[in-house]
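Shown next, in structure tokens, is the structure this report addresses.
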Amino acid sequence: MIPFLDLKRVNEPYELAIQASTDRVLKSGWYILGREVEAFEAAFAAYCQAKHCIGVANGLDALTLVLKAWEFPAGSEVIVASNAYIASVLSITLAGLTPVLVEPDTHTYLLDPSRIEAAISSRTRAILPVHLYGRCCDMEPIGKLAEQYGLAILEDAAQAHGALYGLKRAGNLGDAAGWSFYPSKNLGAMGDAGAITTNDDALAQRLRALRNYGSLKKYVNDYQGNNSRLDELQAAILSAKLPGLDADNERRRVLARQYLNGIQHSEVILPPTDQIEQDVWHLFVIRHPRRHQLQTYLRERGITTDVHYPIPPHKQRAYESYGNRSLPIAEQLHQEVLSLPLNPSLTDLEVAYIIDSVNQFSE
Ligand SMILES: *Cc1c(COP(=O)(O)O)cnc(C)c1O
């Protein structure tokens, strides 16, 4: 049996370091917003080449808090890809703003810069590029449009820890970036955790208040904030795992190359191969016109796969009012995508077996 993701196995190499971290926190007697959070924030900001990192409770809060901090007029529009993860869209509506869904590039599955301009209106205030599956969006043309129209850029980097765009790291490619350390992410905690990175001093200061009831000084509240604090335990665990992130990502690349070289099937569409080195391969997503049959067949061979994602945001009941939009690219992708197992704990033998199985699926 090959599970899609066995987090116990993924965390095994970090067991001693994690135990030392949790022990340190237990014995410190200090559990919320202390030294561990400060140390992780400093380390992760440096890793992302960003000036500030603000730890928060989860990835959805990270995105939502930035959009709130910008204080756009109610009803302002934010451009996001139509095949984005639901949390990216939720952050926009939770901040009282309006998502404008733009179809993705059919090759990279990322926000298509050539479709952005047509979606810009007098109410547009920001673009939210989601670095889906571990690959950075094409930020140069997106940045040019943002500059031309005076729009802010909020990266959704929740699947892109360590990803590069040219020589720059994700988290340092816009005005701010939202991160998730949900256990299954490339850098995963042992519970919920998130962060924001930014080079903007004033924004960072405001976010530090917003995550903590709008307060920077105890019992003095400058804003109507949230409670969205990263706790000491998760921060200490993340500090234990951060030094291994690059090696973990490199292992993902090795496995991705094995898939890319090994899978030969006339009906399978492989992910783009032009940025193998910059991509951090959070997911290895193939496409097949009979996705459901392929998934069932692989399950019969003991291989668990997953679908990211089965229903596009505009077809969710939560966004009923968007249901009749015509977004054929997103709809087709959601019917065809299939994620094969890919994580640092997967062995060469397991990947070889998965490749063989895919190749033997009837054409
Ligand atoms: C995981 C994820 C989020 C949300 O993160 P949580 O910590 O689960 O709130 C947002 N966007 C993307 C692209 C994600 O993969």
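These figures come from a predicted structure and were not determined experimentally. Every number for a ligand or one of its atoms is a count from 1 in the order of the listing.
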Which of the atoms of ligand 1 are close to Ala87, meaning less than 4.0 Å from one of its heavy atoms? 3 (C), 4 (C), 10 (C)

Sub-3.5 Å N/O-N/O distance, Lys185 and ligand 1: yes

Numbering as shown, the atoms of ligand 1 that approach Ala158 to under 4.0 Å (heavy-atom distance): 2 (C), 3 (C), 10 (C), 11 (N), 12 (C), 14 (C), 15 (O)

Number the atoms of ligand 1 from 1 as they appear, then name those within less than 4.0 Å of a heavy atom of Val130, with their elements. 13 (C)

Does any N or O of ligand 1 fall below 3.5 Å from an N or O anywhere on Ser180, backbone included? yes

Looking only at heavy atoms, which two atoms of Ala256 and Phe284 are closest? And how far apart? O-CE1, 3.8 Å

Looking at Glu155 and Lys168, does any basic side-chain N land under 4.0 Å from a carboxylate oxygen? no

Could you say whether the N/O atoms of Gln159 and ligand 1 ever approach to under 3.5 Å? yes

Nearest non-hydrogen partners of Arg325 and Glu331, listed with the distance: O-OE2, 4.0 Å

If you look at every heavy atom in Val80 and Leu128, which pair is closest and at what distance? CG2-O, 3.7 Å

Does at least one non-hydrogen atom of His282 fall below 4.0 angstrom from an atom of ligand 1? no

Between the side chains of Arg135 and Asp274, is the shortest nitrogen-to-carboxylate-oxygen separation below 4.0 Å, so that they form an ion pair? yes

So, for Ser21 and Ala236, which heavy atoms are closest and what is the spacing to 0.1 Å? OG-O, 3.3 Å

Which pair of non-hydrogen atoms, one from Asn11 and one from Lys241, has the smallest distance, and what is that distance? OD1-NZ, 2.6 Å

For atom 11 (N) of ligand 1, closest protein heavy-atom neighbour: Asp156 OD2, 2.7 Å

Return yes or no for this condition: an N or O of Gly59 is under 3.5 Å from an N or O of ligand 1. yes

Of all protein heavy atoms, the one nearest atom 9 (O) of ligand 1 is Leu60 N, 2.9 Å

